[in-house]
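Because the structure is predicted, anything quoted here is derived from the model rather than measured.
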Amino acid sequence: MPGICWGFQLLILFVHHCYGFYLPGSYMHTYSTKDAIYAKVNSLTSIETELPFSYYSLPYCKPMGGIKKSAENLGELLMGDQIDNSPYRFRMNVNESLYLCTTSPLNEREVKLLKQRTRDLYQVNMILDNLPVMRITKQNGVNIQWTGFPIGYTPPNSNDDYIINHLKFKVLVHEYEGSGVQIIGTGEEGMGVISEADKTKASGFEIVGFEVIPCSVKYDPEVMTKLHMYDNISSVNCPLELDKSQIIREQERISFTYEVEFVKSDIRWPSRWDAYLKMEGSRVHWFSILNSLMVITFLAGIVFVILLRTVRRDLTRYEELDKEAQAQMNEELSGWKLVVGDVFREPNHSKLLCVMIGDGVQIMGMALVTIVFAALGFMSPASRGMLLTGMIILYLFLGIAAGYVAVCLWRTLKGTAEGWRSLSWSVACFFPGIVFVILTALNFILWGSKSTGAIPISLYFILLSLWFCISVPLTLLGGYFGTRAEPIQYPVRTNQIPREIPARKYPSWLLVLGAGTLPFGTLFIELFFILSSIWLGRFYYVFGFLLIVLLLLIIVCAEVSVVLTYMHLCVEDWRWWWNAFFASGSVSLYVFLYSINYLVFDLQSLSGPVSAVLYLGYSMIMAVAIMLATGTIGFITSFYFVHYLFSSVKID
C-alpha cells in the first residue's frame with residue numbers, strides 16, 4: 001500500500017510539471033530573427049517514370065561547402081530517397097531576393113538531359129525544417145496542392161522547353177513564446193524535450209509552412225556573372241511571355257535566383273502537417289470506406305449466421321440419437337460425416353504448406369503491429385522512411401513466431417519433430433528469397449538507368465546481414481521452441497486407405513477463385529488510395545481506417561475459408577487443406593489484377609517499358625505477401641473449425 005501511494009504521488013508530480021505532449025513528427029526547432037536556415041533537396045521524382053534521380057545530376061547550383069548527404073535510415077535508402085544539402089539559404093524574418101549562380105554554357109549532354117527530365121515531368125523536392133515544399137495551382141477554379149515543383153515546362157504546340165530558374169518562396173512562421181508545453185519528438189533529429197527551464201531559450205519563431213511559386217526568367221548572363229552568391233537583386237515578377245523565359249538550348253547560360261517572403265501564421269507547429277494530409281477526394285475516401293465496411297460486415301454476418309445454424313442443427317440431430325441409431329445413420333448419411341476417417345489425412349506438399357503458413361504468420365504480424373503503431377501516431381510523415389524501416393525490423397524479429405507456428409504444424413501433420421531444422425531454414429528463406437530475386441532483377445534495371453532508386457551494394461550486404469544474422473537465427477529458435485510445444489491431437493483416427501472422392505459437376509478451383517472476391521471487396525477501395533500514395537506521390541495517413549479495414553479483412557478471410565471448407569466436406573471432398581489456404585489467399589490474384597487495371601487506367605502517364613516492369617515487379621511482391629498473409633488466416637481458422645466439428649462427433 002505505501003508503494004502504491006508513493007507511485008501515485010510521483011505520477012501527480014510528473015503530471016504537474018508536464019503541461020502537454022506531442023508525439024508524432026520531428027523535434028521542434030525555434031529560430032531567432034536573422035538565423036540562417038538552409039533548405040535540403042531530395043531526389044528528383046516523376047509520376048511518368050517512377051525512376052528517382054539525384055538533384056545534382058542536373059546542372060544546378062551547388063553549395064559553397066560542397067555537396068553533403070544527410071543521414072538516411074534504411075527505409076529512405078530502399079525508397080530511393082537521396083537528401084543532400086542545397087545552396088538555398090533563408091534568414092528568419094528577412095524578406096530578400098538573392099542571386100545564386102550562373103552555369104557555364106550548356107553542352108549537348110546537359111541540354112538533352114534537361115529536356116528529357118522536363119518532358120518526363122520530373123519534380124524538384126525541396127525540404128525546409130523537415131517540411132516539403134508545397135506548390136498551389138488552380139484548376140477549374142479549385143486550389144490543388146502539390147509537393148515539389150517542376151524542373152521546367154513545355155508550352156503547348158511547341159518543341160522548345162523552358163527551365164524553372166527563379167523561385168518565389170513563402171515561409172509561414174508562428175511566434176513561439178515558450179508556453180511551457182513539453183514536446184517529445186520522434187523524427188529524424190531524435191528524441192527531444194522542451195522543458196520549463198528552456199522557455200527563454202526556446203522562444204522564437206517556428207516554421208509551419210513552406211510554399212513556392214516557380215518561374216522561368218531570362219537573365220542577361222553578362223550582368224549576372226558579375227554577381228556573387230547571395231548578392232541582393234531586385235524582385236522579379238513571373239513573366240508570361242515566352243521570349244522573357246529561360247529556354248533550354250546549347251550554349252545558353254542559366255542564372256538561378258530566388259526570393260523569400262516570411263509571413264506570420266496562426267498555424268501551430270503540431271498542426272503544420274495538416275495542409276499536406278488534406279488531399280483532394282478525401283470526402284469520397286471516407287464515404288467509400290464506410291459504405292464498404294457496412295456492406296461487407298452485413299454480408300459476412302449473414303454467411304456466418306447461416307453456417308452456424310447449419311452446423312449446429314446437424315450436430316444437434318446427430319447427438320440426440322442413441323448409439324444404435326448413430327451406427328445406422330453413419331451407414332445412410334452422406335456429406336461431411338462420411339469423411340471422418342480422411343479429414344485429417346496429411347495433404348500433398350505438406351512441407352510447403354507449413355513453410356507458407358509460417359511466413360504468413362510473420363507477414364500478418366508485421367502488418368498488424370505496424371498499422372496499429374501508425375494509427376496511434378508513432379509513424380509520422382515527418383519521419384521519412386520510418387514506416388518501411390519499422391516493417392523490416394518487425395519482420396526480422398517475428399521470425400521466431402514463423403518458426404514456431406511452422407514446426408508446430410509440421411509436428412501435427414507428421415507426428416514427429418524430425419526435419420524441423422530443414423523446415424525452419426525453408427521458412428526463413430522462402431518469402432525473403434522471392435523478394436530478393438525480384439528486387440535484384442529490378443535493381444539491375446535501376447542500375448542501368450543510373451537511378452537513385454537502385455539499392456547500393458553496401459545496402460545489399462546490410463540487408464543480407466540482417467537476414468542471416470537476425471531473421472534466420474530467430475526462425476531456428478522459434479522452430480526449436482515448436483519442437484518443445486505440445487502437438488495438436490486429432491479428435492478422430494485416420495483410415496489407412498483413402499476414401500474415394502465423388503465426381504463433381506464443377507472443379508473445386510473455380511469455387512476457390514470465386515471465394516476471393518468477398519475479401520477483395522473489403523480491400524479494393526483502400527487499395528486505390530495506397531497505390532495512389534505509392535505511385536502518385538500522395539501522402540497516406542488514414543491508418544485508423546486502414547486498421548479497421550485490416551481487421552475486417554481478417555474476419556472476412558476467416559469466414560470465407562470456413563464456408564468453403566464446409567462446402568468441400570459436404571460433397572465428401574476431404575482434401576480441404578490447400579483449398580482452405582487458397583480460399584482466402586486467392587484475394588491476392590484480384591489484388592494483382594487490380595494493380596494491372598490501375599496501371600492501365602490510372603497511371604496512363606507512366607511511360608516506357610522500364611517503368612511498367614518496375615511497377616509490375618513491386619506489385620508482384622505485394623500480391624505474394626497478401627496471399628501468404630490472408631491464406632494463413634483462412635487455413636488456421638479452417639483447421640480449428642474442422643477440429644471442433646469432428647471433435648463433437650463420436651464415431652468408433
Let's go through L100 and Y88 carefully: what are the C-alpha distance in whole Å and the side-chain angles of both, what is the deciding distance for side chain to side chain contact (heavy atoms under 4.5 Å, CB included) to 0.1 Å, and is it a yes or a no? CA-CA 8 Å; L100 274 183; Y88 288 92; 3.5 Å; yes

Just jot down the side-chain contact (heavy atoms from CB on, under 4.5 Å) partners of I393, sequence neighbours excluded, or say none. T389, F397

Distance in Å, T49 OG1 paired with L614 CG, rounded so as to fall on 0.5 Å steps: 9.0 Å

Going from OG on S265 to CD1 on I207, what distance comes out if it is rounded to the nearest 0.5 angstrom? 12.0 Å

Could you go step by step and tell me if L113 and L58 meet the side chain to side chain contact (heavy atoms under 4.5 Å, CB included) rule? CA-CA 7 Å; L113 200 59; L58 297 180; 3.8 Å; yes

Roughly how far, to the nearest 0.5 Å, is NZ of K115 from OG1 of T154? 7.0 Å

N232 side chain vs L98 backbone, donor-acceptor pair below 3.5 Å: no

Is the F169 ring parallel, tilted or perpendicular to the F90 ring (thresholds 30°, 60°)? perpendicular

Between D129 and W269, what is the shortest heavy-atom contact and its length? OD2-NE1, 4.4 Å

Look only at the side chain of R135 and the backbone of V212, and say whether a donor-acceptor pair between them is shorter than 3.5 Å. no

Can you find a side-chain donor-acceptor pair between T118 and Y162 that sits under 3.5 Å? no

side-chain contact (heavy atoms from CB on, under 4.5 Å) partners of I233, counting only residues at least two apart: S97, Y99, Y219, L227, T257

Could you walk me through whether R249 and L106 pass side chain to side chain contact (heavy atoms under 4.5 Å, CB included), step by step? CA-CA 7 Å; R249 64 185 173 198; L106 296 178; over 6 Å; no

So, the side chain of K170 versus the backbone of I213: is there a donor-acceptor pair under 3.5 Å, distance only? no

Within a strict 4.5 Å, meaning less than it, do heavy atoms of the Y395 and I363 side chains meet? yes

Of the non-hydrogen atoms in V217 and Q246, which two are nearest, and what is the gap between them? O-CB, 3.5 Å

Between G365 and L398, which heavy-atom pair has the shortest distance, and what is it? C-CD1, 3.4 Å

Going by salt bridge (Lys or Arg N to Asp or Glu O under 4.0 Å), name the residues that satisfy it together with E175, two or more places apart in sequence or in a different chain. K264

Partner set under side chain to side chain donor-acceptor pair (under 3.5 Å) for W447, not counting sequence neighbours: none

Could you check whether atom CG of D266 has more than 12 heavy atoms from other residues, nucleotides or ligands sitting under 6.0 Å from it? no

Find the distance between CD (E206) and NE2 (H174) and round it off to the nearest 0.5 Å. 5.0 Å

Which atoms form the tightest heavy-atom contact between P63 and I67, and what is the distance? CD-CG1, 4.2 Å

Counting C-beta onward and ignoring hydrogens, is there a side-chain heavy-atom pair between V260 and E96 closer than 4.5 Å? yes

Do T103 side-chain atoms and I254 backbone N/O form a donor-acceptor pair below 3.5 Å? yes

Taking salt bridge (Lys or Arg N to Asp or Glu O under 4.0 Å) as the definition, give me every residue that meets it alongside R89, ordered by chain and number, with sequence neighbours left out. none

The side-chain contact (heavy atoms from CB on, under 4.5 Å) partners of L527 (sequence neighbours excluded) come to F520, L531, V591, Y594, M622

Check whether any side-chain N or O of T30 sits under 3.5 Å from a backbone N or O of G204 as a donor-acceptor pair, and report yes or no. no

Could you name each residue pair satisfying ring pair (Phe, Tyr, Trp, His ring centres under 6.0 Å) that touches residues 38-68, not counting sequence neighbours? F53-Y122, Y55-Y60, Y60-F256

Backbone N/O of R109 and side chain of N107: donor-acceptor pair under 3.5 Å: yes

Would you list the pairs meeting disulfide (SG to SG under 2.5 Å) in which at least one residue belongs to residues 208-255, sequence neighbours left out? C215-C238

If I take atom CD from residue E211 and atom CG from residue L172, how far apart are they, to the nearest 0.5 angstrom? 5.0 Å

Test: side-chain hydrogen bond (donor to acceptor under 3.5 Å, both in side chains). Region: residues 234-245. Which pairs qualify, not counting sequence neighbours? Y153-S245, S235-E259

Against N125, only a single residue in T45, N42, T147 fulfils side chain to side chain donor-acceptor pair (under 3.5 Å); can you say which? T45

Considering residues, nucleotides and ligands other than I392, do more than 12 of their heavy atoms fall under 6.0 Å from its CD1? yes

For a quick test of reading the model, state the closest non-hydrogen atom pair linking P59 to L114 and the distance between them. CG-CD1, 3.9 Å

Mind checking whether V208 and L131 have side chains closer than 4.5 Å, heavy atoms only? no

With sequence neighbours left out, what residues match Q116 under side chain to side chain donor-acceptor pair (under 3.5 Å)? none

Any residue meeting side chain to side chain donor-acceptor pair (under 3.5 Å) with S465, in chain and number order, not counting sequence neighbours: none

Is there a donor-acceptor pair closer than 3.5 Å between any side-chain N or O of N85 and the backbone N or O of K68? yes

Donor-acceptor pair, Y31 side chain versus R91 backbone, under 3.5 Å? no

Could you measure the distance from the CD atom of Q123 to the CG atom of D120? Nearest 0.5 Å is fine. 12.0 Å

Does R117 reach the side chain of V124, with side-chain heavy atoms less than 4.5 Å apart? no

Compare all side-chain heavy atoms of L547 with those of V372 and state whether any distance is below 4.5 angstrom. yes

Quick one: does any side-chain atom of R272 pair with a main-chain N or O of I267 as donor and acceptor, under 3.5 Å? no

Heavy-atom closest contact (P221 atom, R253 atom, distance): CB-CB, 4.0 Å

Let's go through L167 and M126 carefully: what are the C-alpha distance in whole Å and the side-chain angles of both, what is the deciding distance for side chain to side chain contact (heavy atoms under 4.5 Å, CB included) to 0.1 Å, and is it a yes or a no? CA-CA 11 Å; L167 301 172; M126 197 171 287; 4.3 Å; yes

By salt bridge (Lys or Arg N to Asp or Glu O under 4.0 Å) - contacts of R119 (at least two apart): D161

Is a donor on one side and an acceptor on the other found under 3.5 Å between the side chain of Y230 and the backbone of P87? yes

With D84 as reference, evaluate S43, S54, S70 under the side-chain contact (heavy atoms from CB on, under 4.5 Å) test and give the passing residue. S54

Does a side-chain heavy-atom distance below 4.5 Å link L368 with L551? yes

Going by heavy atoms in the side chains, are L442 and Y618 under 4.5 Å from each other? yes

Within-4.5 Å side-chain heavy-atom neighbours: F543 and L387: yes

